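Computed from a prediction, not measured in an experiment: that's the story for all the values here.
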Amino acid sequence: MIPLGHVFRILYIGTRYRLDTTLADLLARHWLRWLLPATYLPNPKKSSAIRLREALIRLGPIHVKFGQALSTRRDLLPTEFADELAKLQDRVPPFDTKVAIARIESELGSELSSFFETFESDPIASASLAQVHGATLHDGSRVVVKVIRPDVEDSIVRDINLLKSVSRFLERVSHIARRLHLVEVIEDYERTILGELDLVLEAENTQQLRVNFAGSPLLYVPRVYRKLTTRDVLVMERISGVPISAIDTLKSKETNLKMLARRGVETFFTQVFNHNFFHADMHPGNIFVDVSNPNEPSYIAVDCAIIGKLTPEDQAFIARNIVAFFNRDFGEIARLHVESGWIPDEADTEAFEEVITTLCEPLFQKPLSEISFGQFLLDLFTTAREFHMEVQPQLVLLQKTLLNIEGLGRQLDPDLDLWATAKPFMEEWMKSKYGFLATIEAALERAPEMLLEMPLLPELLVTARRKINRLDQAVRHHQKQLLVMESAELKNKRSTILRRLVGIVLCVVAGILVSGAIQANAGIPIIAATSTVGICGLVLVLSR
């Protein structure tokens, strides 16, 4: 049950920042638009995107984090909204250290002194979900202790449920909201943020990433102390490095920034294609640099709560798109989107190829060092949206991570040529996965199974056309049934919306009449009658 006080607070802030104008845009051409103040009041001076960002900040850290997650869905959001939401920061005031200590002791089952020689009362960092304290183990090891904020999960679940309810309503009444897949976005966000609350999962991700890069000069991942880790407390090695954003400090230590930038690109492609396990939250706050050897600097990664993985099909899709882009084969990019099912069969593939060509050709008029592949992916997803392309969440994570990596690389080395680093890597990967030798090896591995299936091949060839015709008939039959069901569902939704609207109107009218009757000292029968109208309205609103 969502507390009414919480709902009224959100409504107040939404009204204060005039978010009704955003709703009016979503409900364009829908009769419900006429119930919103935006239809009658003058437009605010600030844009809807700015006011949405300010409202999320006012609502609190959970809503801020949702805004951050929403800002990554540039394939769905207008550019103005994505740019404004990307400005949201995740630094929030810390909670009481006494509460943090009590929570740690409760999770570990003993007093703090049983596990730590020293414990720093002032947190090193504080975010919307957790805060981090420095400590020392009895063997002298320097560690950090991450502890989840108290009651944060209840707050998240409450806010998510409310967001889901609002989004479902908007998707029922607005084609724009349906195109934005609001419910899907919120469900993706729910899985991500609830996963961040499980520090055991973060510990497992950290250990896996550490194993993947064991002995590598590219990336170091801190050690996790599993015996001191629970769902709400994580203890791990305290690293000593320079924040990636501290460019002046890196320069003062004579760090080889060109090599550092190049290694960042190599680290990303190694994670995505060789390991298929990539750190998907690589913003500057989570990346440090080991400058113990300035000529060969390496990265240090922390906060592995969000990890991305790709299916073999997605890996191949991305790799083939990259190679096609290298070769300026824009028709191949269009065909890949259709073959993968990302662009519907009924879409105009020739028009899509023309759009891709228009998007890509100007890029090749620039030096390769000035071309952003992350921006290309972003523009590609945004353009393909016009052709009803559905972008999967893991690829949005990939695009966001690549944008982060490329942005950091260009900050370190403005002349970074991502293509010079990526092209040989991708060509070698494609050769190892889909080259002649790889094909022969795969065929030899499956040879026994292929031999067993050979006797069935003649019958399959003879009956193939019949089976395909039957499948076509079944598909047409199911499509007709689906259209009938969708029509019935649409009528039911319209009926439900109308019933609830009538109920709301009755409640409002009853409230006004009861208030007037009480002020006029009217008799109990009149008050009772008007109250009955309100109860009837409430029943209409709440009934299913």
Check whether [X] reaches the backbone of [Y] with its side chain - one donor and one acceptor, N or O, closer than 3.5 Å.
X      : Y      : answer
Asn161 : Val157 : yes
Asp290 : Tyr299 : no
Glu105 : Leu112 : yes
His279 : Asp303 : yes
Arg210 : Val221 : yes
Trp429 : Asn274 : no
Gln315 : Val272 : yes
Asn276 : Leu310 : yes
Gln131 : Phe95  : yes

Check: Does NZ or CZ of Arg223 come closer than 6.0 Å to the centre of the six-membered ring of Tyr225, within 45° of the ring's axis?
Finding: yes
The residue among Lys146, Arg103, Glu153 that forms side chain to side chain contact (heavy atoms under 4.5 Å, CB included) with Asp232 is Arg103
Show the nearest heavy-atom pair for residues [X] and [Y], with the distance to one decimal.
X      : Y      : value
Glu117 : Leu137 : CB-O, 3.7 Å
Gly195 : Leu201 : O-CD2, 4.0 Å
Pro123 : Thr97  : CD-OG1, 4.5 Å
Pro222 : Ile239 : CG-CG2, 3.4 Å
His133 : Ile124 : C-CD1, 3.9 Å
Ser252 : Thr249 : OG-O, 2.6 Å

Does the side chain of [X] reach to within under 4.5 Å of the side chain of [Y], using non-hydrogen atoms?
X      : Y      : value
Pro297 : Asn256 : yes
Asp413 : Lys258 : yes
Leu194 : Ile156 : yes
Glu187 : Lys164 : yes
Thr230 : Leu108 : yes
Ser126 : Arg149 : yes
Val143 : Glu237 : no
Val145 : Phe119 : yes

State the [atom1]-[atom2] distance between [X] and [Y], to the nearest 0.5 angstrom.
X      : Y      : atom1 : atom2 : value
Lys253 : Ser292 : NZ    : OG    : 10.5 Å
Thr229 : Gln207 : OG1   : CD    : 8.0 Å
Ile104 : Leu234 : CD1   : CG    : 11.0 Å
Glu296 : Thr255 : CD    : OG1   : 12.5 Å
Thr136 : Phe116 : OG1   : CZ    : 9.5 Å
Leu260 : Asn295 : CG    : CG    : 12.0 Å

**Prompt:** Does the side chain of Thr270 come under 3.5 Å of the side chain of Arg263 through a donor N or O and an acceptor N or O?
**Reply:** no
Go through the side-chain N and O atoms of Arg168 and Ser165 and say whether any donor and acceptor fall under 3.5 Å apart.
-> no
**Prompt:** Under 30°, 30 to 60°, or over 60°: which ring-plane class applies to His275 and Phe213, parallel, tilted or perpendicular?
**Reply:** perpendicular
Show your reasoning for whether side-chain contact (heavy atoms from CB on, under 4.5 Å) applies to Leu129 and Ile193. CA-CA 9 Å; Leu129 303 183; Ile193 196 168; 3.9 Å; yes
Between Glu54 and Lys46 (salt bridge meaning N to carboxylate O under 4.0 Å), is one present in this structure? yes
- State whether Arg238 and Glu120 are salt-bridged, where the test is any N-O pair (Lys NZ or Arg NE/NH1/NH2 against Asp/Glu carboxylate O) under 4.0 Å. yes
Practice problem: Take Val152 and Ile148 through the test side-chain contact (heavy atoms from CB on, under 4.5 Å) and record every step on the way to the result. | Solution: CA-CA 8 Å; Val152 70; Ile148 296 293; 3.6 Å; yes
Does the ring center of Phe115 lie less than 6.0 Å from the ring center of His138? no
- Task: Kindly indicate, with the supporting measurements, whether the criterion side-chain contact (heavy atoms from CB on, under 4.5 Å) is fulfilled by Phe277 and Asn205.
- Result: CA-CA 9 Å; Phe277 191 88; Asn205 290 340; 3.9 Å; yes
Would Asp198 and Arg231 count as a side-chain contact (heavy atoms from CB on, under 4.5 Å) here? Give the steps.
CA-CA 5 Å; Asp198 187 352; Arg231 193 176 188 277; 3.6 Å; yes
